[in-house]
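Numbering starts at 1 and runs along the sequence shown.
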Amino acid sequence: MSKVCQLFSGSSGNSIFISCKETKILVDAGVSAKRICQALNDIGEDASRLSTIFVTHEHTDHISGLRVLASKYNIPVFADNAVIEKMRMENIINEKVNTFSTEKNMELCGCEILPFALSHDSVSCQGYRFNLSGGRSVGICTDTGYVTEAAKETLSGCDFVFLESNHETTMLQNGDYPYHLKQRILSDKGHLSNAASSEFAKELAMNGTTRFVLAHLSRDNNIPEIARQSAVSSLLEEGFEENRDYRLYISAPVNCERAISL
């Protein structure tokens with residue numbers, strides 16, 4: 001049986017766990033290694049048994065626990081080559097971390113991994129689709145200012161998608177963030193709004209996605225129920241009803257539920 005769990009979500013740190021049989025994958029390690037180990041333990045998993053870590057990009061909320069976790073348990077790390085170089089240049093990782101550059105199509109531990117380009121203000125940012133050996137597929141599409149063509153193409157037909165729903169635009173525009181930060185978030189290299197996320201969710205559902213996790217919600221510029229209703233309303237426009245045609249989850253900043261079985 002396969003299972004997935006968003007261990008941490010949001011600007012304070014991000015990490016997603018995916019397992020299928022003996023393959024155990026972590027995507028991002030944006031909080032301390034100690035907290036990640038405890039979060040894995042809470043869902044019955046052991047960090048020492050992780051097969052690999054995939055990194056989306058080099059921002060702190062995605063890599064702060066990477067060096068300690070990877071070096072302690074000798075876990076191979078995969079990322080875009082530009083991200084690896086940036087992390088090495090800034091001493092975020094060292095020679096104790098075994099790094100490998102992601103390729104367009106990869107096969108690892110019985111899974112097919114398809115990286116795809118996103119648009120974010122980092123040296124490079126990519127999402128991933130994991131085609132698991134059990135026949136299920138899991139996609140991760142967060143930290144992007146808009147839905148790229150690569151995301152649309154790669155995630156089409158994916159069973160389960162972690163989808164960024166970062167902010168409600170009016171809350172952000174009327175909130176206390178400084179102007180330059182608002183502009184960054186709203187830009188093509190920022191984060192997906194509820195509206196943009198909901199539109200993509202509708203497209204994904206029309207191509208076969210049946211489970212969604214809304215992720216990377218802003219604590220200051222979003223409310224989980226608003227993000228949920230935005231997605232539900234958009235999907236209903238095409239006749240998709242929650243709990244009949246799809247299931248919808250909202251990631252908390254720190255996971256407080258069991259892993260989701262696929």
Practice prompt. Could you tell me which non-hydrogen atom of Arg219 sits nearest to which non-hydrogen atom of Pro253, and how far apart they are?
Written response: NH2-CB, 3.2 Å
Discussion item. Between Arg129 and Glu112 (salt bridge meaning N to carboxylate O under 4.0 Å), is one present in this structure?
Written reply: no
Worksheet item: Does the side chain of Ser133 reach to within under 4.5 Å of the side chain of Thr23, using non-hydrogen atoms?
Response: no
Discussion item. Out of the candidates Ile36, Thr99, Ile75, Ile53, only one should pair with Leu66 under the side-chain contact (heavy atoms from CB on, under 4.5 Å) rule; please name it.
Written reply: Ile53
Worksheet entry | Electrostatic pair Arg88:Glu85 at N-O distance under 4.0 angstrom | no
Item to complete: Let me know which of Thr56, Leu114, Ile25 forms a side-chain contact (heavy atoms from CB on, under 4.5 Å) with Tyr128.
Response: Thr56
Worksheet entry | Among Asn174, Asn221, Asn222, Asn194, the one residue meeting side-chain hydrogen bond (donor to acceptor under 3.5 Å, both in side chains) with Glu168 | Asn194
Worksheet item: Does the side chain of Asp80 pick up a donor-acceptor pair with the side chain of Thr102 at under 3.5 Å?
Response: no
Worksheet item: Can you pull the ring pair (Phe, Tyr, Trp, His ring centres under 6.0 Å) pairs that have at least one residue in residues 233-262, sequence neighbours excluded?
Response: none
Discussion item. Are the side chains of Val77 and Ile84 in contact, using a 4.5 Å heavy-atom criterion?
Written reply: no
Fill in: Side-chain heavy-atom pair Val31, Leu7 within 4.5 angstrom cut-off
no
Worksheet item: What pairs of residues pass the ring pair (Phe, Tyr, Trp, His ring centres under 6.0 Å) test when at least one of them lies in residues 74-97, not counting sequence neighbours?
Response: Phe54-Phe78, Phe78-Phe100
Discussion item. Once salt bridge (charged side-chain N to carboxylate O under 4.0 Å, His left out) is applied, what residue pairs with a partner in residues 173-182 remain, sequence neighbours excluded?
Written reply: none
Practice prompt. Not counting sequence neighbours, list each pair that qualifies as a salt bridge (charged side-chain N to carboxylate O under 4.0 Å, His left out) and has a residue in residues 33-48.
Written response: Lys3-Glu45, Lys24-Glu45
Discussion item. Whether the Ser218 and Asn166 side chains hold a donor-acceptor pair (N or O, under 3.5 Å, no angle test) is what I'd like checked.
Written reply: no
Fill in: Whether over 12 other heavy atoms sit under 6.0 Å from Glu257 CD
no
Worksheet, complete the sentence: side-chain hydrogen bond (donor to acceptor under 3.5 Å, both in side chains) pairs touching residues 66-79, sequence neighbours excluded, are Asn74-Asn98
Discussion item. Whether the Ser230 and Ser198 side chains hold a donor-acceptor pair (N or O, under 3.5 Å, no angle test) is what I'd like checked.
Written reply: yes
Item to complete: Check the surroundings of atom CE in Met206: do more than 12 heavy atoms from other residues, nucleotides or ligands lie under 6.0 Å from it?
Response: no
Worksheet item: Which class fits the ring pair His59 and His57: parallel under 30°, tilted 30 to 60°, perpendicular over 60°?
Response: perpendicular
Worksheet item: For Glu225, which residues count as a salt bridge (Lys or Arg N to Asp or Glu O under 4.0 Å) partner, sequence neighbours excluded?
Response: none
